[in-house]
Amino acid sequence: MKKIVVLISGQGLNLQAIIDACAGGFVPAQISAVISNKADAFGLQRAKSAGISTQVFLRRDYADNVAMDAAIGDYIQSLQADFIILAGYMKILTPAFIRRFEGRIVNVHPSLLPKYPGLDTYRRAMAAGETEHGTTVHFVNEEVDGGAVIVQAKVPIFPDDDVEDVEERVKAQEIQLYPLVIKWLAQDRLTCLDGRAYLDHQILPENGYATE
Ligand code: GRF
């Protein structure tokens, strides 16, 4: 069985979906640890309730980001984790960390990448008058929110929506999509090669597996 670690900073709705999917057997993987850069991340409680080890790494305990990521990397290596799952980890990982675990880190980002990388995607999409938004699960490379897309899901933005409405719609998609992607990883069906994602040895389209 593959081992994964999940990195979080907050609520942990995606984490909860991953915990449930592993516990229920949908994802054939074991969560070795949940790692947070925030001591008060609610996701840490979710991990504890599920009997999963937690580890907090605080930036103030390290000289710089490189030192912090080296410590996180050493911990992950000590667990012999196969994949690193970013689930609302709100700190940019250093290039050295990304190179160390090349092709083994995935992230979920709440936009239809390459549109709206970075923060505050809902407000920006709505301010731009978009009629649809969505979420992307992608491999992580050194460019923020820039790695090979694995899968996307679209949701509508209706005229009377506020940010919370769209966010709720997006999160409902994320908690379905992310466990599915982690299942593929755990089954050795999903790989990243030369900046493109492959599922069952087939190259995925630029916008991922489920674009429409
Ligand atoms: C998710 O919406 C994800 O797209 C983004 O951060 C959010 C994390 O939410 N990267 P949660 O902690 O899983 O509830």
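Here the OH atom belonging to Tyr198 is positioned 13.5 Å from the CD1 atom belonging to Ile150, to the nearest 0.5 angstrom. Gln77 CD to Ile72 CD1: the interatomic distance, rounded to the nearest 0.5 Å, is 13.5 Å. Rounded to the nearest 0.5 Å, atoms CD1 (Ile8) and CZ (Phe42) are 10.0 Å apart. With values rounded to the nearest 0.5 angstrom, Gln16 atom CD is found 8.0 Å from Ser49 atom OG.
A salt bridge is absent between Arg100 and Asp69; no separation between the charged side-chain nitrogens and carboxylate oxygens falls under 4.0 Å. Salt-bridge annotation for Glu130 and Arg124: absent, with no side-chain N of the basic residue lying under 4.0 Å from a carboxylate O of the acidic one.
Aromatic ring orientation, Tyr75 versus Phe57: tilted (interplanar angle from 30° to 60°).
Around atom CD1 of Ile203, more than 12 heavy atoms belonging to other residues, nucleotides or ligands sit under 6.0 Å away. Heavy atoms from other residues, nucleotides or ligands lying under 6.0 Å from CD of Glu164 number more than 12. Counting non-hydrogen atoms of neighbouring residues, nucleotides and ligands closer than 6.0 angstrom, the CG atom of Leu58 exceeds 12 such neighbours. Around the CD atom of Glu168, the shell of radius 6.0 Å holds no more than 12 heavy atoms that belong to other residues, nucleotides or ligands. The local environment of CG in Asp200 is crowded, with over 12 non-hydrogen atoms from other residues, nucleotides or ligands closer than 6.0 Å. Under a cut-off of 6.0 angstrom, the local environment of NZ in Lys91 is crowded, with over 12 non-hydrogen atoms contributed by other residues, nucleotides or ligands.
A distance-only check finds no donor-acceptor pair linking the side chain of His133 to the backbone of Glu167 [under 3.5 Å]. No donor-acceptor pair closer than 3.5 Å links the side chain of Asn65 to the backbone N or O of Met68. Panel note: side chain Arg196, backbone Ala148; no donor-acceptor pair is recorded below 3.5 Å.
Between the side chains of Thr135 and Glu174, at least one donor-acceptor pair of N or O atoms lies under 3.5 Å.
Considering only heavy atoms from C-beta on, Ile35 stays 4.5 Å or farther from Val6 through its side chain.
Screening Leu79, Val106, Ile182 for a side chain to side chain contact (heavy atoms under 4.5 Å, CB included) involving Ile4 leaves a single residue, Ile182. The side chain to side chain contact (heavy atoms under 4.5 Å, CB included) with Pro110 is formed by just one residue from the set Thr121, Asp145, Val166; it is Thr121.
For Lys2 and Phe83, the positive end is not near the middle of the six-membered ring at less than 6.0 Å and at most 45° from its axis.
When all heavy atoms are compared, the tightest approach of Asp161 to Pro156 is OD2-O, 4.2 Å.
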